[in-house]
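Just so you know, these numbers come straight off a predicted model, no measurement behind them. Chain naming here is simple, since letters A, B, ... match the order of the sequence lines and numbering starts at 1 in each.
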Amino acid sequence: GENVEQHPSTLSVQEGDSAVIKCTYSDSASNYFPWYKQELGKGPQLIIDIRSNVGEKKDQRIAVTLNKTAKHFSLHITETQPEDSAVYFCAAIGNQFYFGTGTSLTVIP
Amino acid sequence: DTEVTQTPKHLVMGMTNKKSLKCEQHMGHRAMYWYKQKAKKPPELMFVYSYEKLSINESVPSRFSPECPNSSLLNLHLHALQPEDSALYLCASSQVLQQGSGNTIYFGEGSWLTVV
């Protein structure tokens with residue numbers, strides 16, 4: 001079955017700094033990798049995704065990179081703001097959908 | 001418009017009560033999901049409906065009973081729950097059931113359930 005490891009579990013950064021969250025998956029059939037942001041008391045919201053035929057995707061301050069050979073993908077947030085504080089989940093989708101274990105990001109003003 | 005609507009947002013129920021959680025989407029999605037999420041943990045899949053038919057049941061206890069009345073609605077009927085069932089229950093939908101097709105899953109805001 002699919003196993004998605006996510007690191008770090010907690011991350012604190014100063015406002016304006018960058019934050020990087022990394023995930024590793026095991027199923028070679030995985031071909032779609034979304035990232036979700038979950039604010040306190042709310043459901044997970046899709047913030048960016050990447051498909052296996054693409055190595056990098058960017059949307060304003062958020063970028064995702066994918067290394068299919070190494071089975072790694074990462075979320076990069078630049079110029080972090082306090083409103084970026086949330087729990088972030090990666091996911092790797094092949095024949096099933098599995099979440100990573102989550103990263104609690106705190107941006108310190 | 002990518003919106004999955006869940007009601008109620010909060011529910012407190014006793015262990016002998018019968019209640020229901022409701023979910024609605026109008027994106028034309030044909031796959032709908034129920035997830036359970038405990039604090040500081042990722043969501044755990046409970047059920048998946050594909051074209052209004054139950055496709056996946058992740059060995060969920062029978063005190064949870066899903067229902068898909070039509071392609072836009074998904075219910076979760078609750079009966080004789082235990083305190084450990086207290087959690088955030090998330091509904092989600094996607095165009096079709098994930099089978100390596102890379103369809104995006106969209107989540108609702110969840111229903112906070114407390115069993116007393």
Taking every heavy atom of Gln38(A) against every heavy atom of Leu88(B), the minimum-distance pair comes out as NE2-CD2, 3.8 Å
Item to complete: Determine whether Leu73(B) and Tyr33(B) fall in the same hydrophobic cluster, where Ile, Leu, Val, Met, Phe, Trp and Tyr are linked whenever their side-chain heavy atoms lie under 4.5 Å apart.
Response: no
Using a cut-off of 6.0 Å, state whether more than 12 heavy atoms not belonging to Lys68(A) lie near its atom NZ. yes
Self-check item: Cluster link Phe73(A) to Ile47(A), ILVMFWY, side chain under 4.5 Å
Solution: yes
Closest non-hydrogen contact found for Gln45(A) with Phe107(B) is NE2-O, 3.8 Å
Most contact-rich option vs chain B, by heavy-atom pairs under 4.5 angstrom, among Gly41(A), Ser9(A), Gly43(A), is Gly43(A)
Value for CG (Leu46(A)) from OG1 (Thr104(B)), rounded to nearest 0.5 Å, stands at 5.5 Å
field: Same apolar cluster (I L V M F W Y, side chains within < 4.5 Å links), Val12(B)/Tyr89(B)
entry: no
With chain B, the option among Ala91(A), Pro44(A), Ser52(A) that has the most non-hydrogen atom pairs under 4.5 Å is Pro44(A)
**Message:** Does Glu79(A) have more than 12 heavy atoms from other residues, nucleotides or ligands lying within 6.0 Å of its CD?
**Reply:** no
task = Indicate, with yes or no, if Val60(B) and Leu74(B) share a hydrophobic cluster defined by side-chain heavy-atom contacts under 4.5 Å among Ile, Leu, Val, Met, Phe, Trp and Tyr.
result = yes
Looking only at heavy atoms, the pair that brings Tyr36(A) and Ile105(B) closest together is OH-O, 2.5 Å
Margin query: Is it the case that atom CD in Gln60(A) sees more than 12 heavy atoms from other parts of the structure closer than 6.0 Å?
Written below: no
Got a sec: does the NZ of Lys38(B) have more than 12 other heavy atoms crowding it under 6.0 Å? yes
Taking a cut-off of under 4.5 angstrom between non-hydrogen atoms, the residues of residues 42-54 of chain B near chain A are Pro42(B), Pro43(B)
Note: vs chain A, highest number of non-hydrogen pairs under 4.5 angstrom among Lys40(B), Gln6(B), Gln37(B) is Gln37(B)
>> Between Tyr32(A) and Phe99(A), is there shared hydrophobic-cluster membership here, with clusters defined by ILVMFWY side-chain heavy atoms closer than 4.5 Å?
In response: yes
